[in-house]
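Okay, so here's the structure we're looking at.
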Amino acid sequence: MDPLHAMRVFTRVVETGSFTRAADSLNLPKGTVTKQIQALEARLRTRLLHRTTRRVTVTPDGAVYYERSARLLADFDDIEAGMTNAQATPSGRLRVDVGSSIARLLIIPALDGFFARYPDIALDLGVGDRPVDLIGDNVDCVIRAGEITDQSLVARRIGNLPFVNIAAPAYLRRHGAPAHPRDLETGAHHVVGYFSAVSRRTCPLEFERGGERIDLGGPFRIAVNESNAHTAAVLGGQGVSQMAAFIAAPYRASGELVEILAGWTSPPLPMHVVYPPNRHLSAKVRVFVDWAAELFAQTPLLQNR
């Protein structure tokens with residue numbers, strides 16, 4: 001048994017909470033993972049994991065072993081990275097997760113430039129607006145809007161995401177244009193909302209002008225939890241809404257969407273690239289983070305940092 005490999009297998013089981021998910025993330029058969037853990041426990045002469053049909057949890061000895069193993073593996077990776085990063089061409093498979101509209105409108109159209117620079121990197125691009133578990137899902141980094149609350153992760157701010165107040169011309173012909181945000185509460189208008197895929201909470205519409213601030217929590221005729229569906233609902237005339245400026249821009253240029261409530265703005269959301277603290281050692285993660293920051297800096301509607 002390779003002790004270092006067994007240690008990596010054990011830490012992945014703890015981080016994912018599952019033999020199956022650990023095996024998938026390590027590209028190993030589940031049986032191999034099971035045998036590695038059994039051999040490790042036999043060598044250490046202690047039980048490291050509690051196993052049930054539903055979940056896997058660490059024993060007190062397992063928790064101590066995990067903490068020290070994770071630190072040792074991080075130090076080991078740090079040593080190797082320090083010796084090789086300066087000379088090596090970034091290579092390998094990179095797992096990145098991004099929101100739907102960010103992927104469709106920004107990341108994917110620019111990938112030719114990324115692969116031209118780094119032809120030895122292969123990209124697994126997870127796309128969706130539901131946040132992922134970076135450790136448990138073995139994701140190298142994510143691009144997300146909003147404040148980062150998990151202090152165990154490393155976040156690099158790459159820009160702000162401004163919003164515009166928007167509606168489709170067909171909607172405005174039927175209902176007229178609101179003159180004030182409070183008009184959206186009178187029942188004369190419909191609002192398209194966006195709700196969190198995790199908490200199910202619908203995000204309020206936020207309006208600012210001068211020193212005045214208004215937050216509207218509805219009523220929402222329809223609320224969705226995915227940015228492309230949100231765009232489709234607004235384009236289809238289901239109601240007024242607030243939309244990221246870079247998403248709305250081509251539809252405003254074509255006349256499919258019209259800005260409303262001029263003079264009222266919405267606070268921009270900060271944009272971050274987020275990754276686990278040990279992943280910054282990887283050359284492929286480092287170059288992707290730098291490339292993403294450069295891409296966002298070159299996008300006019302994301303530049304107001």
Side-chain angles (χ1 to χ4, degrees), residues 15-18 21 54-55 95-107 125-139 141-153 155 157 160-168 171 178 181-208 213-248 257 261 264-276:
E15 291 167 353
T16 61
S18 161
R21 293 178 70 185
R54 286 185 163 186
R55 61 175 183 168
R95 297 175 177 86
V96 179
D97 194 85
V98 298
S100 301
S101 293
I102 294 289
R104 179 173 63 89
L105 298 173
L106 296 179
I107 300 296
L125 191 66
V127 177
D129 292 348
R130 178 182 291 274
V132 298
D133 178 354
L134 275 81
I135 302 296
D137 293 330
N138 198 29
V139 174
C141 66
V142 302
I143 298 176
R144 282 291 183 264
E147 297 296 339
I148 306 301
T149 59
D150 190 341
Q151 299 301 311
S152 68
L153 301 174
R157 188 163 179 166
N160 282 342
L161 189 64
F163 286 79
V164 293
N165 307 311
I166 212 81
Y171 173 87
R182 292 295 183 192
D183 292 346
L184 302 180
E185 298 178 306
T186 64
H189 286 280
H190 302 307
V191 179
V192 178
Y194 185 95
F195 68 89
S196 166
V198 177
S199 69
R200 310 293 294 184
R201 184 180 70 86
T202 302
C203 303
L205 272 63
E206 301 175 336
F207 299 91
E208 293 180 343
R213 180 185 173 104
I214 298 174
D215 291 353
L216 300 181
F220 298 104
R221 186 183 199 188
I222 179 175
V224 299
N225 66 351
E226 195 273 335
S227 56
N228 289 323
H230 179 265
T231 301
V234 180
L235 285 169
Q238 296 303 316
V240 304
S241 195
Q242 291 178 331
M243 186 180 295
F246 82 95
I247 299 175
L257 291 177
L261 295 170
W264 290 93
T265 61
S266 177
L269 285 178
M271 295 293 301
H272 297 91
V273 182
V274 184
Y275 49 92

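Quick note: numbers below take in every heavy atom, side chains included, and nothing from hydrogens, waters or symmetry partners. A quick note: this is a predicted structure, and the numbers were derived from the prediction, not measured.
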(request) Could you list all the salt bridge (Lys or Arg N to Asp or Glu O under 4.0 Å) pairs where at least one residue sits in residues 184-197, not counting sequence neighbours? (result) Arg182-Glu185
(message) What I'd like to find out is whether the side chain of Val98 reaches to under 4.5 Å of the side chain of Leu125, using heavy atoms alone.
(response) yes
(request) Drop me the distance from Leu153's CG to Leu134's CG, to the nearest 0.5 angstrom. (result) 6.0 Å
(request) With the side chain counted from C-beta on, respond yes when Pro204 and Leu216 share a heavy-atom pair under 4.5 Å apart, and no when they do not. (result) no
(request) Could you grab the distance from atom CD1 of Ile247 to atom CG of Leu105, nearest 0.5 Å is fine? (result) 6.5 Å
(request) Indicate the atoms forming the closest heavy-atom contact of Phe163 with Ser266, along with that distance. (result) CB-CB, 4.0 Å
(message) According to side chain to side chain donor-acceptor pair (under 3.5 Å), who are the partners of Arg213, at least two apart in sequence or on a separate chain?
(response) Glu206, Glu208, Asp215
(request) Using modelled atom types only, decide if a donor and an acceptor are shared between the side chain of Asn225 and the backbone of Arg200 within a distance under 3.5 Å. (result) no
(request) Calculate, to the nearest 0.5 Å, the distance between atoms CZ and CG belonging to Phe220 and Leu205 respectively. (result) 5.5 Å
(request) Kindly give the heavy-atom pair with the smallest separation between Ala145 and Leu161, and that separation in Å. (result) CB-CD2, 4.0 Å
(request) Give, for atom CE of Met243 and atom CG of Leu257, the distance between the pair rounded to the nearest 0.5 Å. (result) 5.5 Å
(message) For a quick test of reading the model, state the closest non-hydrogen atom pair linking Gly193 to Thr202 and the distance between them.
(response) CA-CG2, 4.4 Å
(message) Treating His272 as the side-chain partner and Glu147 as the backbone partner, does any N or O pair qualify as donor plus acceptor under 3.5 Å?
(response) no
(request) Decide yes or no for Val240 and Leu184: does some side-chain heavy atom of the first lie under 4.5 Å from some side-chain heavy atom of the second? (result) yes
(message) Angle between ring planes, His230 versus Tyr194, binned at 30° and 60°: parallel, tilted or perpendicular?
(response) perpendicular
(request) Identify the heavy atoms of Leu261 and Pro178 that sit nearest to each other, and give their distance. (result) CD2-O, 3.4 Å
(message) Quick one: does any side-chain atom of Ser100 pair with a main-chain N or O of Asn228 as donor and acceptor, under 3.5 Å?
(response) no
(message) Quick check for you: to the nearest 0.5 Å, what is the distance between Tyr171 atom OH and Ile166 atom CD1?
(response) 13.5 Å
(message) Quick one: does any side-chain atom of Asp97 pair with a main-chain N or O of Val139 as donor and acceptor, under 3.5 Å?
(response) no
(request) State the CZ-SG distance between Phe195 and Cys203, to the nearest 0.5 angstrom. (result) 10.0 Å
(request) Write down the atom of Val192, the atom of Ser241, and the distance for their closest heavy-atom approach. (result) O-OG, 2.7 Å
(request) For His190, check ring pair (Phe, Tyr, Trp, His ring centres under 6.0 Å) against everything at least two apart and list the hits. (result) His175
(request) Mind listing the closest non-hydrogen atom pair of Val164 and Ala248 along with its distance? (result) CG2-CB, 3.8 Å
